[in-house]
Structures are given as C-alpha cells and as structure tokens.
Amino acid sequence: MKILLILGLLLCYSFVSSSGDTTIHTNNWAVLVCTSRFWFNYRHMANTLSLYRTVKRLGIPDERIILMLADDMACNARNEYPAQVFNNENHKLNLYGDNVEVDYRGYEVTVENFLRVLTGRHENAVPRSKRLLSDEGSHILLYMTGHGGDEFLKFQDAEELQSHDLADAVKQMKEKRRFKELMIMVDTCQAATLFNQLQSPGVLAIGSSLKGENSYSHHLDSDIGVSVVDRFTYYTLAFFERLNIYDNASLNSLFRSYDPRLLMSTAYYRTDLYQPHLVEVPVTNFFGSVMETIHTNSAYKAFSSKISNSKSNPEMPLNQLSEHDANIPNDELKNEKQKCPYSQMRADLHKKLEKLENVDTVVNLSIAVMVVVVMVSSSLLR
Amino acid sequence: TKEEKKDDGVMAEEEPCMFWIWAMASTIFRLFLIFFFPENINASSRPELSTPLTSLRRLAEGYWLKQSSLSPYAGSMYHGSPLLLSILGPLTIQRIEGKSSHHLCSLVFVIADILSALLLRATGQKLQKAYRLNLRRLGLLTSLQDRGILPCGDIAALVHLWNPFTILSCVGLSTSPIENLAVIQLLEKVFLSILDENPAFGRVPLAAFGLVMATHLSLYSATLAIPLIFLLGYGLDAPPVKKFLQTRHVGVETTGSTSDVSKQDKLTQTTQLFLWRTVLYFVFWVLVWSSYVLVLCSLSLKQYGGLEEMFKRTYGFILRIEDLSPNIGVFWYFFAEVFDFSRNYLLIVFNLYILLTGIPPLAFRLKHRPCFLAFAYLAFSSILKSYPSVGDAALYLSLWALFVNELTDMEHSFFIFCGYIGFSLLSPVMHNIWIWRGTGNANFYFGNAMGYACFQYMFVEKSVNAMLNHDQALKKATSEMTKN
C-alpha cells in the first residue's frame, strides 16, 4: 500500500511539473506601456489610456494593472483642455478621469524598469503597486504602443527594446511560472517583428503591422492639434465598446474584426505558441476579469435549509486534473476501509441521517415522546 | 389505622385551602413582577442570578447561532444541553404584542416553579407519612393524635414558592427553575413509593430517567446517584428504622402484639440486605436512558462536532472553569486575581474537593437517610460549584424545609438566617460599588462571596448536626423504652 502511495505521489508531481495546462486560471493582469513622450505623441498616450479604461471597465482592478506612461500630455502647457485626454475628436470621453493610477510615470518608463516589471526582479524598496505580482494561474495582457521598427521598440526617445530582450524576458517569466497565458498586443510600426524571437508556450501575440508596414494614426483632432488615436487601437476600442462584462465574444472575433483596408496595415497575430483555439477563448480572458465561480455546499446554509437543499453537487471544471490526481491514493485508502462491514453500516447510517432534512423536528419529537412516556408511566404506577 | 386516617383527613381538610391560597398568591406575585417590572429589577444581568450556565440570554444566542447553521456552542456563549435549546429556543424568539421577548420563557419558568412546588408537596406528604409510621413502629408515638408532626410537604412547597431566591431566579431569566424541577422530580419519583413494601421495579426506570435528566441539565446532580443507590439498595421503606432495629429486636418479644413482631421480623430480614439486584437494574436503566439522551444530542449536533463538542463545551466548561466573570462562588477570584499560574493544580484541587471531602464522609454518616443525604449533597455542591447562583440556594432551602420535623432543634438558626439575608442584600451593593461606581474593588465582592459561602457551609453543618442529634435522640428514646 505504501508503494502505491509513493507511485501516486510521483504521478501527481509529474503532472504538476509539466506545462501549465494543469493549473487553473485564477487572475488577470494587464501591463500597459506607452513608450513615447512629447506632445506630438499624444496619440500613444491616448491609446494606452483608452485600453486602460477598457480593461478596467471589463473588470480588472487597479491593483492588477501596471500602467507605464510618460504622462506629460494631460498637464502639458500646449493642452487646451488641461487635465483632459481624449481619444476622439468628438471629445465625448475624458480618458484622464478621476481614477487613473499611473504606476510608472515620466522618466521611470525605461527598458530596465519594463524588464524588471516583467521578470519580477526588483530592488527591495520597490512598492507592491509597481510590481507584477502574477502567479502561475495568471493571464497577462501586455500592450505596448509607441514608435517601433524592425525588431525593436523605441523607449522614451532614448533607448530601445529589442525583440530578443522581450523574448528573453518572456522566457524568464515562463521559467518562473509568472503567467499561465500571455497576450502581447503591440501597436507600432512593423509591430509583428517585435515578437519574432518568442518561443515560450502559452503566448499569443498580435501586432498592428507586418515588417515593412507602418501603423497609421486614425484622425487628427483639429482642436487639440495632434492626432488623438492610432488606427489599430481605434478599431480595437470600437470592438470593445460594444461589449460589456458579460459578453462572450471570442478572441477570434476580435482578430477577425481588423480590416486591413481600414487599418492601412495588416494586423498579424501569432498563434503557434498558443494552444487553445481562438474561437473558444473569450476576450475577457485577457481584456477583462470574469472568473469562473465554483459552488460548494459547505457549512453555511444561509439561514434556510430549504433553499440550499435544491443545489446540486458541484461540477469539477475540466482543468482540475492535478487535484483529481492527488485524490487517487486517498481513494484507494478509502476503498480499503470500506471493506469492513461495520464502518460501511456507519457510513450508510450517516448518509441516511444526512438526508434527513429536519433533524430538529426529529429531536423535538423524541423529547416529546420521552416526556409523554415518563408521565404516562408515572401516572400508571401511582 | 382507621383513626390514623381520620386524623390525616381532619388535618388534610384544613391545610389544602390555605396552601392553595398561598400558592395562587405567589403565582400572581410572580406574574405581576414579570409583566410589570421587567426593566426595574434588571435581574437578568445580575451575576448572582444568571451564570454562564443558566443565563437565558445565552440560550437565546445559542438558539440563534443554531438557526444560522453554526454550532450553538460557537463563541463560548451557550453551555447547556442541546435538548434544552430545542425546547426553550423557539420560545425565546416569539414575542407577545411587542413586549420584551422573554415573557414566554418566564411563563415557562413560573410553570416549572409551580410544578416543583406540587412535587415537593407530594414528596413531603410521603415523607411525613413515613416518619409517622416509623415513629409508630418504634413505639415512640403513643398518642394517636400526632399533632406535633408538621406537614412538611406543604411547608416545603410554600417555602419554595415564597423564597425570594426562587422568585428572583424565576423572574431573572435563568434556567435554574428547570434544573431545580428536574432534581425535584427525581426525588419525588424515587420517594413516591416509600410506603410500599414490595420493591417496585416499575419505579426504577423512572428513577433512572430522573437521574439522567437531572445530570444532563446540571453536572453536579450526578452526586444524587449515591443517595438513590442507597435508597434502592436498602429497600424502599424509610431507612431510619434500620438503625434501631438491632437494639429493638431484643425487646420485641416482650412488648407489642404478634402482628408487630411479624412485621418487625420482616423488616429485619429485608433491611439487612443490600438489594444488589435492584441497583443493577437501576444502573441498566440509567445506561438505557443516557444512551437515548446522548443519541438525541448527537443527532441535533451532528454537523457541529457531535458529542465530543458537547461534552467539551458543557461538562468540560464546568470542570475547567473557563469563564471567570464574577459570581457568588469562590473560584473566579482565585483564577482571575491570584493564582492563574497554578491553574491546573487548582482546578484539580477544586474538583476533587467535592469528590473527596464532600461525598464520601456524608455518605458514610447519612447512609441511613438517603433523602437527607440528597439535600446535603445539593447544598454542598452549591457552595463548591463552578458557577453557583441563588437558584441553587433556592433548591436546597426548599429541600431543607422537607425535614422541618427532624431539624427543629437546629442550632444558631437565627444567626444563619440573618447571615443569609445580610449577605444576599450586600452582594448587589458590593457589585455596584466595584463595577459601576469604581469605589470598591474585586476584594469587596469576593469578601461578600466568601461570607455567603461561609454561611452556606454553616447552614449545612448545623442541619447535618441537627439530623444526627435527632437520630441520637431517637436511639436514646427507644433504648429507654426497651429498658422500660
């Protein structure tokens, strides 16, 4: 029996140590990076802030969003609408509202900090709000926008992030089990080249343009004086504005919504590292945070035993394989115990008692019976 | 015998009218206090009345916890029996027309008090008859009109109804009336058949039931098992006869009629034996009833830890003295103020104190008087209980009144009576000074509790002395008669 236990445990470990298919998706993170500064790159900040707003609207809270912006638009001397950032010339939506939490601003947006955020290798004094505290059940959305080129991305007009660096960081993240699935969305010129070097499984990447293509801005806001949004992000937002948190739109529908003629570039996505079918993956897996809840019937019956008795037993989700494997040795032990008839009788009795809905009435009736019997017998014996 | 019955009849006619009048008056008084002065008395917050074991508020809390699918013992509020919870629990919720919610329970307690009084009356009447019969058998009552014997049943019942302690514990929302009722009905069931010659096996299951219920509701009633065993083992007739039969036996043949001789021969034969069969039958029935009660408890607690939880929280709570809020006992002070570091040692000492110094000596000395032994045990355990209250005092004072005939010569009774009144009145004063005004401290209250315990102890001691002196006097009287 001990050998069986050890074998069972080894099976468990082998299952768990394989790729992250056996972990369950528990949380969503978003890392939104705007790599440009200066007034004429208003649209990049508007891109990032629009996506920030969308992601928050669909359920990811601020503590799970790392927002890296140069943040010099809203209060720029050239901004006619101080403390307001728009992504459309109709100015309907102020993206820089009350509750924008920027984690890295200004000169903190550097390649080093970006890579530190991804890999989690910070100095001790870095506060938690600036760390990507994901775990092996996280789905991470990484959105980057700015100026880019063939296998590089320009950071704050001073540095560049190469595709090798990004692939390296993603590989480190995978080794350290910092994500279950990662979606990289890049809105720059020649964006698809940035993820040429990616090899880690579980990564889905989409870029706004292929090698040799530019990504264009959508429209110019004559009031503000600069372009306020890029095309790729504009059409992404157009897709998301139709959604609310309960919709089941799939990633496939998102990717199919990009029309190369409207974008004036080809939105290229790479799925060879990503196993699930895009048709089955809801967009809220990355862009929102809609979690699967598992009902269990445990101690609290919530003031009324009548309601809870109608609940059925919980169904195990498909990707709880690791827990199921861990149960195998325990089941074998239970089977051996149940061979003893006495304990089987007790188990049957327990099941029957559990089916009794109103134990209290049974108890009250028995007390009443006892008292009546005693009173009758004492009166008979007088 | 016919004349005896006539005398009984004459006396019985006058007494019941007065008794029932007084009983009705006390009921009306209690109802008056319940319905018109519930807030002024504020009795349920007094530590003398409601202990962690008997407080009705805790029972209501436990019932609410049970209704919210939590264990009724969660949070260390309720420490009583789950069966009591299912009986009294629903009553704590229902309200009468917007009044405070515990009126229904107070009515239940009033009914419990009335039942206790009636049962005490029945017990006392039997005891009185037995006493008279024994005195007649011993030949000490020559006159057929034995007016000297007081109607201890009526007196005990009236003492129970009009004792301020019982009234306060009835009005003060504590479950002591129900516990007292359980003990009194136990005594009544057993002593019902005092006059029967045949060992009535039908009594034994009822006696076992009574003992199981009394122990289930309050742990210290388990000490009553010993007087019960004595009563069942030495035969169901009144035991004082036994002690004197040996001295009497010699002188029987010279005096008395043949019927007396045959009766006394029968008596000598039966009372010398300890009826082990009855006792074993009793133990069997105790096991049957206790398993029934335990099955019910485990059913009602099966989701919350079962019997283990119940024992830990009820009996374990009593024995480990977990709640150190002040009461009129003497143990809280030791642990709260002085000796917390040697807590385990003191727990063992306190619990063994009753077991070793209280139970065996009294059992040896009073084994010929099981009824009085029961009273002595109850009084002794109410001094040394973990959480005493005045409800316990109410119980043993009523039982004391059953023995007025034997205890008429109790020494220092006035002193003890004044002491009781004084310390009971000072207790809320000291509590107020300590807690509400802050001008006193815990020593004031504890000093009062110590004085109260001292007077309780004196009371028990003097009663036992009086009873033993009474037996000595009887012995002397019979030996003088045999000489004559």
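Order of the sequence lines sets the chain letters (A, B, ...), proteins ahead of strands, with each chain counted from 1. Reckoned from all heavy atoms, side chains included, excluding hydrogens, waters and symmetry mates. Note that this is a predicted model, so its numbers are computed, not measured.
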J.: Which heavy atom of B:Leu299 sits nearest a heavy atom of A:Val363, and at what distance?
T.: CB-CG2, 4.1 Å

J.: Once you round to the nearest 0.5 Å, how far does CE of A:Met370 lie from CZ of B:Phe209?
T.: 4.5 Å

J.: Quick one: what part of B:Tyr304 sits under 4.5 Å from any heavy atom of chain A, side chain, backbone, both or neither?
T.: neither

J.: Heavy-atom count check: over 12 atoms from other residues, nucleotides or ligands less than 6.0 Å from B:Lys312 NZ?
T.: no

J.: Which heavy atom of A:Val374 sits nearest to which heavy atom of B:Leu206, and what is that distance?
T.: O-CD2, 3.8 Å

J.: Measure distances from B:Val293 to the heavy atoms of chain A and classify the residue's part below 4.5 Å as side chain, backbone, both or neither.
T.: side chain

